[in-house]
Protein chains: 2
Amino acid sequence: MSQAGAGIDLETSLGYLLKEASSALRAAMEAVLRPLGMTVTHYSCLELLAQRPGLSNSELARGAFVTRQSMNVLLQTLEREGYVTRPAEAPFGKVLPTRLTPLGRQSLEKATAAVRSVELRMLGGLTESEQSAALRILRTMVRSLRDGNDGA
Amino acid sequence: MSQAGAGIDLETSLGYLLKEASSALRAAMEAVLRPLGMTVTHYSCLELLAQRPGLSNSELARGAFVTRQSMNVLLQTLEREGYVTRPAEAPFGKVLPTRLTPLGRQSLEKATAAVRSVELRMLGGLTESEQSAALRILRTMVRSLRDGNDGA
DNA sequence: AAACCTATGTCAGACTACTGACATGAGTCA
DNA sequence: TGACTCATGTCAGTAGTCTGACATAGGTTT
């Protein structure tokens with residue numbers, strides 16, 4: 001059952017398991033957001049704006065882990081449908097601060113409740129100490145991947 | 001800095017951090033696979049076939065966390081380019097067992113080395129016990145999300 | 001001041017993955 | 001046997017994201 005010698009054992013690979021967990025979370029989120037007519041990126045954008053009003057397109061893109069081009073397309077849709085507003089002209093530089101409209105805030109409320117239920121389900125089998133350990137470990141992994149060194 | 005009352009605090013959300021880690025891993029993998037002319041799904045497919053020869057289209061799709069339709073398109077490309085082979089007729093039922101060609105195996109070798117370096121970098125800052133804790137915790141999260149219960 | 005570098009917003013095209021749909025083969029049950 | 005259910009392979013259309021490119025604003029360096 002082992003690999004031919006040079007492969008990466010998927011059963012014990014932390015990378016593979018990370019992808020599996022992320023995929024399962026995304027699927028669960030899509031399942032509860034679909035009835036609300038919302039995608040995961042759509043929700044992420046609104047949630048970011050609720051917590052940090054005035055975020056720019058590029059900042060939202062980084063927060064939602066997509067390119068600024070993708071976020072730009074999404075923002076244009078959200079603006080056209082009345083969920084967010086952006087000033088016609090940049091108050092400073094080229095940065096256009098984005099804000100939720102009352103409609104956007106209202107739409108977000110239901111989505112947040114749905115997503116929270118998913119997150120609670122995911123955390124259900126973990127103890128408090130396991131949850132904080134997971135936070136610490138994931139942060140370490142992100143830092144190692146970003147900085148490009150081996151973390152040693 | 002806290003949310004308005006009903007939001008999900010992204011700074012301490014395990015779901016958000018999971019997405020961030022997965023995104024960072026995917027970006028790092030894409031960076032090392034791009035020079036080899038390979039995407040992450042492309043690599044995942046070959047790696048699965050190396051470890052479990054004869055996997056069907058649907059099984060590969062589940063293993064790579066994409067739909068069977070997407071995997072089908074990829075397999076057609078890989079077959080046309082000579083990386084994998086599938087029998088013209090199903091030996092049993094409709095299932096078409098797929099296998100790597102020598103070219104596919106050769107192509108996979110370089111990719112595996114590249115991906116392994118990324119995984120080692122990601123694990124660099126973690127102790128042995130943290131790594132096994134991460135495996136256990138992620139498996140628990142996947143199970144809770146899949147089974148649909150709250151894990152209590 | 002001028003050249004340079006970086007970051008941003010935006011448009012256009014290409015690609016990837018998804019949903020929907022259909023036919024087929026296998027197993028189950030009345 | 002026949003009806004039912006389920007999984008598979010595949011085709012077609014759609015949607016979301018990406019890469020490439022360009023112009024512009026701000027800060028930095030010489």
Side-chain angles (χ1 to χ4, degrees), chain A residues 19 22-24 26-31 33-46 48-49 54-81 84-99, chain B residues 19 22-24 26-31 33-35 37-46 48-49 52 54-81 84-99:
Chain A
K19 186 175 177 181
S22 174
S23 174
R26 186 177 190 90
M29 286 179 67
E30 282 172 350
L33 288 175
R34 184 184 309 275
L36 303 175
M38 212 179 283
T39 67
V40 174
T41 307
H42 187 133
Y43 159 75
S44 299
C45 178
L46 296 185
L48 281 163
L49 284 175
L55 245 45
S56 71
N57 175 38
S58 289
E59 290 167 326
L60 286 168
R62 280 190 290 268
F65 310 110
V66 295
T67 62
R68 67 185 196 276
Q69 291 92 329
S70 298
M71 182 55 72
N72 190 37
V73 174
L74 174 60
L75 277 184
Q76 286 174 352
T77 303
L78 292 178
E79 189 172 17
R80 175 162 26 88
E81 295 176 354
V84 305
T85 54
R86 282 193 293 179
E89 296 219 348
F92 189 74
K94 294 189 69 177
V95 178
L96 291 175
T98 312
R99 292 184 178 276
Chain B
K19 187 175 177 182
S22 175
S23 174
R26 186 177 190 86
M29 287 179 66
E30 282 171 349
L33 288 175
R34 184 185 308 276
M38 213 180 282
T39 68
V40 173
T41 307
H42 187 133
Y43 159 74
S44 300
C45 178
L46 296 185
L48 281 164
L49 284 174
R52 303 206 273 275
L55 245 45
S56 72
N57 175 38
S58 289
E59 290 167 325
L60 286 168
R62 280 191 291 269
F65 311 108
V66 296
T67 62
R68 66 186 196 278
Q69 292 92 328
S70 298
M71 183 55 72
N72 190 38
V73 174
L74 174 60
L75 278 183
Q76 287 173 352
T77 303
L78 292 179
E79 189 173 15
R80 175 162 25 87
E81 296 177 352
V84 305
T85 54
R86 281 193 294 180
E89 296 218 349
F92 189 74
K94 295 189 69 178
V95 179
L96 292 174
T98 312
R99 292 183 178 277

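So you know, we letter chains A, B, ... as the sequences are listed, proteins then strands, and number each from 1. Treat the numbers as computed from the prediction; the structure is a model and nothing was measured.
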How close or far is atom P of C/dT10 from atom CE of A/Met71, stated in whole angstroms?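 To the nearest whole Å, that distance equals 13 Å.
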Euclidean distance, atom CG of residue A/Asn72 to atom C1' of D/dT19 [Å, nearest integer]: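 One finds 15 Å between C1' of D/dT19 and CG of A/Asn72, rounded.
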Locate the shortest heavy-atom distance separating B/Ala31 from B/Pro35; write the atom from each residue and the value.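 That would be O-CD, 3.1 Å.
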Which pair of non-hydrogen atoms, one from A/Thr85 and one from A/Glu79, has the smallest distance, and what is that distance?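 Residues A/Thr85 and A/Glu79, closest heavy atoms: C-OE2, 4.4 Å.
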Atom CZ in A/Arg26, atom OG in B/Ser22: separation rounded to 0.5 Å?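 Going from CZ on A/Arg26 over to OG on B/Ser22, the span is 9.5 Å.
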Let me have the donor-acceptor pairs involving side chains of residues 59-67 of chain B, under 3.5 Å, with sequence neighbours excluded, atom names and distances please.
{"unit_1": "B/Glu59", "atom_1": "OE1", "unit_2": "B/Ser56", "atom_2": "N", "d": "2.9"}
{"unit_1": "B/Glu59", "atom_1": "OE1", "unit_2": "B/Ser56", "atom_2": "OG", "d": "3.2"}
{"unit_1": "B/Thr67", "atom_1": "OG1", "unit_2": "B/Ser70", "atom_2": "N", "d": "3.2"}
{"unit_1": "B/Thr67", "atom_1": "OG1", "unit_2": "B/Ser70", "atom_2": "OG", "d": "3.0"}

Between A/Arg26 and B/Val95, which residue's closest nucleotide on DNA chain D lies nearer the 5′ terminus? B/Val95
Among residues at least two apart in sequence or on other chains, which ones pass salt bridge (charged side-chain N to carboxylate O under 4.0 Å, His left out) with B/Glu81?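 In terms of salt bridge (charged side-chain N to carboxylate O under 4.0 Å, His left out), with neighbours along the sequence ignored, B/Glu81 is linked to no residue.
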Partners of A/Arg99 by salt bridge (charged side-chain N to carboxylate O under 4.0 Å, His left out), sequence neighbours excluded?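 Checked A/Arg99 against salt bridge (charged side-chain N to carboxylate O under 4.0 Å, His left out); zero matches.
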Pairs under 3.5 angstrom only: tabulate donor-acceptor contacts from the side chains of residues 71-78 of chain B to other protein residues two or more places apart or in another chain.
{"unit_1": "B/Thr77", "atom_1": "OG1", "unit_2": "B/Val73", "atom_2": "O", "d": "3.2"}

Have a look at the helix from C/dA1-D/dT30 to C/dA30-D/dT1 and give the angle its two end axes make, five pairs each, rounded to 10 degrees. 30°
Just the table, please: protein N/O against nucleotides 21-24 of chain C N/O, every pair under 3.5 Å.
{"unit_1": "C/dT24", "atom_1": "O2", "unit_2": "B/Lys94", "atom_2": "NZ", "d": "3.4"}

Pick base, sugar-phosphate or nothing for B/Ser58, based on heavy-atom distances below 4.0 Å to the nucleic acid. sugar-phosphate
Give one of base, sugar-phosphate or nothing for A/Leu74, where a contact means two heavy atoms less than 4.0 Å apart.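 No contact at all - A/Leu74 keeps every heavy atom at 4.0 Å or more from the nucleic acid.
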Find which nucleotide of DNA chain C each of B/Val66 and A/Arg86 is nearest to by heavy atoms, and output the residue with the more 5' nucleotide. A/Arg86
